[in-house]
Amino acid sequence: MTAKKSPKRKPASRSRVADTTAAAATMTYREAIREAMRDAMKADDRVFLMGEDVGAYGGCFGVSMGLFEEFGPERIRDTPLSESAFVGAGIGAALGGMLPIVEIMTVNFSLLALDQIVNTAAAMLHMSGGQFSVPLVIRMTTGAGRQLAAQHSHSFEGWYAHIPGIRVVAPATVADARGMLATALADPDPVLMFEHGGLYNSSGDVPAGAPPVDLYSAAVRREGTDICLITYGGTLPTTLAAADLLAADGISAEVVDLRSLRPLDDETIMGSVTKTHRVVIVDEGWRSGSISAEISARIMEQAFFELDAPVARVCSEEVPIPYARHLEAEAIPRTDDVVAAARTAVRGTG
Amino acid sequence: MTAKKSPKRKPASRSRVADTTAAAATMTYREAIREAMRDAMKADDRVFLMGEDVGAYGGCFGVSMGLFEEFGPERIRDTPLSESAFVGAGIGAALGGMLPIVEIMTVNFSLLALDQIVNTAAAMLHMSGGQFSVPLVIRMTTGAGRQLAAQHSHSFEGWYAHIPGIRVVAPATVADARGMLATALADPDPVLMFEHGGLYNSSGDVPAGAPPVDLYSAAVRREGTDICLITYGGTLPTTLAAADLLAADGISAEVVDLRSLRPLDDETIMGSVTKTHRVVIVDEGWRSGSISAEISARIMEQAFFELDAPVARVCSEEVPIPYARHLEAEAIPRTDDVVAAARTAVRGTG
Amino acid sequence: MNSPVSDRIELLRRMLLVRRFEERCVELYTETKIRGFLHVYIGEEAVATGVISALDESDAVVATYREHGHALLRGVSARSVMAEMYGRVTGCSRGRGGSMHLFDATARFYGGNAIVGGGLPLAVGLALADKLQGRNRVTVCFFGEGAMAEGEFHESVNLAAVWQLPVLFVCENNLYAMGTALRRSESETNLALKASAYEIPAWSVDGMDVEAVAGTAERAVAAIRSGAGPHFLEARTYRFRAHSMFDPERYREKAEVAQWKQHDPIDAFVGKLRDEGGLDDGRLAELENQAADVIADAVAFAEDSEDEDSADLLRFVHSPGSTAEPASLRGAP
Amino acid sequence: MNSPVSDRIELLRRMLLVRRFEERCVELYTETKIRGFLHVYIGEEAVATGVISALDESDAVVATYREHGHALLRGVSARSVMAEMYGRVTGCSRGRGGSMHLFDATARFYGGNAIVGGGLPLAVGLALADKLQGRNRVTVCFFGEGAMAEGEFHESVNLAAVWQLPVLFVCENNLYAMGTALRRSESETNLALKASAYEIPAWSVDGMDVEAVAGTAERAVAAIRSGAGPHFLEARTYRFRAHSMFDPERYREKAEVAQWKQHDPIDAFVGKLRDEGGLDDGRLAELENQAADVIADAVAFAEDSEDEDSADLLRFVHSPGSTAEPASLRGAP
Ligand SMILES: Cc1ncc(C[n+]2csc(CCOP(=O)(O)OP(=O)(O)O)c2C)c(N)n1
Ligand SMILES: Cc1ncc(C[n+]2csc(CCOP(=O)(O)OP(=O)(O)O)c2C)c(N)n1
Ligand SMILES: [Mg+2]
Ligand SMILES: [Mg+2]
């Protein structure tokens, strides 16, 4: 399968991407993903998008709007409602030399395709003794906050991060949304990209040339000295807002955006822990067995003697996300929760 | 749905169970599960078993051998190969007033039914505002050690423990295998029971009357003072063996068998931590995002100042379980690994 | 109201109530009183009205996320449905479900499922329970034509057929799954023919003709009750409105929609009843007023209702009294 | 050996090799040289032999956990297959897969899948890649009749049909899924009829007659290559041995097995060739010897091969050089 590799790297190369978007630009998260897909489709004819209503409808959240008209029904491919088959077909197409982008409307529906993702996509390379790599990118919407209730609102990205053989990324900024897809397509193995539904309308800057973003390093979004707030995806804004409030309160919080949930960037995490000696992890996943537990456990293992206070977690309440606005708001991490947890860690009291 | 409750409790009541097995007995883990199912079927006509080849074939691991002849095809119900539908049918039957036991041959196949388990069984009671409880028991084989390779050998019980609305239990002893099913059937909510394939042939004693075992308390399998070894299911024997070796080496290890992975018995865990001040968690799940991470995080949160050393984890390597015996053995927790980790925790060196 | 209904005016009354109720819901959505996803059934009312009129009280109904009408027709009160969409504690799901998750135990209304195809295995299980307990009840399962591509459809219908369970599978074929036209999602677009491949009786009916639907459903339900096993019914209908409140409708021609509106099930039935006598302007106005009153009362009720206490957020994750309940679960920040 | 084969002796040679190879595997299993699950194809050889003889080198094959024969017939060397069952680094999957996970990139043999029905979506994707790249290749997907109850069958065949992809779906109907008889798992036991409900050409063939299978497969493959879209082929066959090495076979009568053994595809073909000339004792002995030599060589190779270095356990979880590779992943105790 080596033959596949060199060209597969193409879409990632700066030059190619630069061609299409020279100057820095401000756009929405939704547009950033769309632009990234458009670039990739132009850069490599093995790239195609498939999923439910990605074409004629324009994407259930409008992400692929316009691509159907630009690239046609073969490459912007509407699928029947058959999550297991079209995700599996994405795996097969990847094995057949394509670079598929498969869109699953919402993370809850991805459970219908979990067998294909875990038992095949993640295991294929190893089961075949290294013969069959699966250069597949699966994109899906995740997260709560839009009153979509218990079958449309969960955050399983941290859960997926348990599976060896796949990468799990969660772009939280417009620049990352713009820059991670090319890198994901250039990766020879399956990459799951989680887009928090609450971020689609957020807007931000994309640097000139829309530089590719790697799939393993966390980013320090804000420097601080008193405490390290670790988060990713949809809770980055919440966490940055908390850092502002803490600053006003005289607490200097560093904010680490994980970006990649598998693998985790232990180096950046421990670096910040060693600097601040106090940690709060903010994670929209359900608390028990969340990625925040893994991070806490790794800090325990790698930086125990650096800690001045136990690592704290601010997660979603362990409940199927309810519809009613006030209940949903109560169920997911709020800025106040983060502030309170940070105060407790620093001063021993919220 | 309250009407359902009182009779539903029946199978759990000592008397009923006592009728059928008065004296203490020695049996295999396999027989214990079978006896528990037989009792339950006799005790309550709403109980039935369904799954692939549970009937005419006798169960892929022989657990239900003989029950088909005893209870007939209606109550020992062979299903087509349709994991999603028959698990979902179990949910529906539970809503319809039955107490179904659904057997899934192997944990990997349960991924095909995950949508029904997570999006429906776990969420139904809450989504319906408390109207529809789902008294369903799902049994499945889990774990490695039999050279069944990457699609038959994983340990997802800790992964399932992330989901609110279900209980996850993993009987590790014959007595628990015998005593947990009645309690699970008496529970008004979905219970997932994980049976490690390596335990089926193990034999042990069942106390007179085969007393029901609750679904929330961990058991201290061995008392110790120097270190606490926390485990469950298939790695209990491994861990007890390690405790023996440690004893010979002058290290007194306490062994905690979690029994229930959701909910976790924090009280027993913290009790042992407070007593020993050192902890090693042994878990056949893949390390990252395993239940061992959650336990470590909780100890961090609830007993940080009790720790004399960082909590350590001995987990499976993060690889799809390989076929070759030596590679498989290398991939899963071994007694030596546990001993080494415990030594390091106690003496700062393995 | 769940005993078989012959009264033609009653059928009209029900369709009108559903139509007006949902028209009001759309207004309330734009007023942001209702949030989340809202999928209306406008144009398809004859299907659920006809089918549900063929059921007994003891029968069960499993529906989809487009189920306001099914809930009302099954006897779930307009008050509790509206309150649910408002997210109130007085809602049929105590505000936890919203538009896509309406439930009612007394009406044996099992939801309300936002996973396409997710209700089919449930219906099979409900019917299995009846069979095992020797109860002569029928379970009706509604789903769209798009759901027929899901593996759950295939597995569930086969299971019901192999076990000869009392299920009526009702496919609401409105020709689109969001923006995906039937011909782009199913290689066999004759859905009754497709279903008959499972060796079960499968019929098609004009889903815009409430009496045709009611008549066919009655025959199917009677056959199922007599032990003839599962049946499949395709109702050919059309969605007059957007899929949800977020649908730009770029996938179908306005002309096609206009064309179908010519066959509005309510207008058609009104016309029929006028021609054949039994309905005049006065009676019609009366029905409209009744519907308006019920809806106004439901909205007032929802407006005046309380929200669930936030402290009860974790209630019903497990059954009350379960040793797995909150405290242990609740993770304080 | 992947170009269409007309030579009848060659067909026999292949069936014999597969039969003798698996008979040896069973012995090696009892000698504990081979472990895990072992599913043999004994009695069904005519199916894969006939179908695979109809393929070109450039075509792709997706099989199940009962795929030793398919691998050998596709040209995967007996040495690498046997070494794989021994768990050696020289095995076709470097010892990581075992009996259920045989893979070979050069033979375009995509496994080896232990999830019933799991290979179907894969085959659809492989065919989609060919269509998108304008390559005139065919993908053949083998699965058992039990797999037809899985949702993956339904979703995959529909997808291939809607997109008119070059896939040949081959159902090896051996009447049982472990202990479950076809009539207890499928409401429609005429599987070709069932498949035709997806609006694709669907044929049945006597799976015990290698020439009949080869001829039918050739017609199907030619049609697919000419752009006629996916085809379905049911091969009626029977499993002479237990499902796996752990099967007490309580679900079928010895008489039924004996009855089917009367139709042993190899005995039948040998008889036919003898009658029609072209095969005599000498030639047959020659073929048996050839097979014996290949197998003896394969066993010797496997015996002499090395195990993978344990230090390489985490190789191939990600592609070599990936930033997600080991160190970062490996959790030292
Ligand atoms: C498993 C799953 N996939 C996708 C969706 C998103 N979705 C919601 S409704 C819908 C269309 C369903 O079409 P159909 O079954 O015809 O029912 P209709 O909406 O036309 O009544 C889709 C794709 C979902 N809710 N569940
Ligand atoms: C999804 C899944 N369910 C169950 C099993 C266990 N299992 C392995 S083979 C088999 C029987 C399959 O029967 P069939 O498809 O007819 O193929 P055959 O074994 O007869 O060749 C079963 C149930 C599995 N491997 N995967
Ligand atoms: Mg539709
Ligand atoms: Mg079979």
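Quick note: numbers below take in every heavy atom, side chains included, and nothing from hydrogens, waters or symmetry partners. All figures in this text were calculated on a predicted structure; none of them were measured in a lab.
Looking only at heavy-atom pairs under 4.5 Å with chain D, the residue among A:Met50, A:Arg75, A:Gln116, A:Glu74 that has the most is A:Gln116. The candidate from A:Met124, A:Arg77, A:Glu83 with the greatest count of non-hydrogen atom pairs under 4.5 Å with chain D is A:Arg77. Most heavy-atom pairs under 4.5 Å with chain D: of the set A:Gly90, A:Gly88, A:Ala122, A:Ala85, this distinction falls to A:Ala85. Note on A:Leu125, A:Leu112, A:Ile91: by heavy-atom pairs under 4.5 Å with chain D, the leading option is A:Leu125.
Taking the charged nitrogens against the carboxylate oxygens, A:Arg167 and A:Asp187 do have a contact shorter than 4.0 Å, which makes a salt bridge. Using a cut-off of 4.0 Å between Lys/Arg side-chain N and Asp/Glu carboxylate O, D:Glu306 and D:Arg88 are scored as not salt-bridged. Between D:Arg225 and D:Asp59, at least one side-chain nitrogen of the basic residue sits less than 4.0 Å from a carboxylate oxygen of the acidic one, meeting the salt-bridge criterion. Of the charged side-chain nitrogens involved, at least one lies within less than 4.0 Å of a carboxylate oxygen, so that D:Lys33 and D:Glu303 count as a salt-bridged pair.
Counting only N and O atoms by type, the side chains of D:Ser319 and D:Ser322 include no donor and acceptor under 3.5 Å apart. Looking at D:Ser99 and D:His39, their side chains never bring a donor and an acceptor atom within 3.5 Å of each other.
No part of D:Phe153 comes within reach of chain A, as not one of its non-hydrogen atoms sits under 4.5 angstrom from that chain. Only the side chain of A:Phe48 comes within contact range of chain D, with heavy atoms under 4.5 Å apart. Contacts between A:Ser128 and chain D at a heavy-atom distance below 4.5 Å involve backbone atoms as well as side-chain atoms. With a threshold of 4.5 angstrom between heavy atoms, A:Leu215 does not approach chain D through any atom at all. Neither the backbone nor the side chain of D:Asp130 comes within contact range of chain A; no heavy atom of the residue lies under 4.5 Å from a heavy atom of that chain. Using a 4.5 Å cut-off between heavy atoms, A:Asp214 makes no contact with chain D at all. Both the backbone and the side chain of A:Thr79 come within contact range of chain D, each with at least one heavy atom under 4.5 Å from a heavy atom of that chain. Interface residue D:Leu128: only side-chain heavy atoms are found under 4.5 Å from chain A.
A side-chain donor-acceptor contact under 3.5 Å links A:Gln131 to the backbone of D:Cys92.
The two residues D:Glu84 and D:Leu102 have their closest heavy-atom pair at CG-CD2, 3.6 Å.
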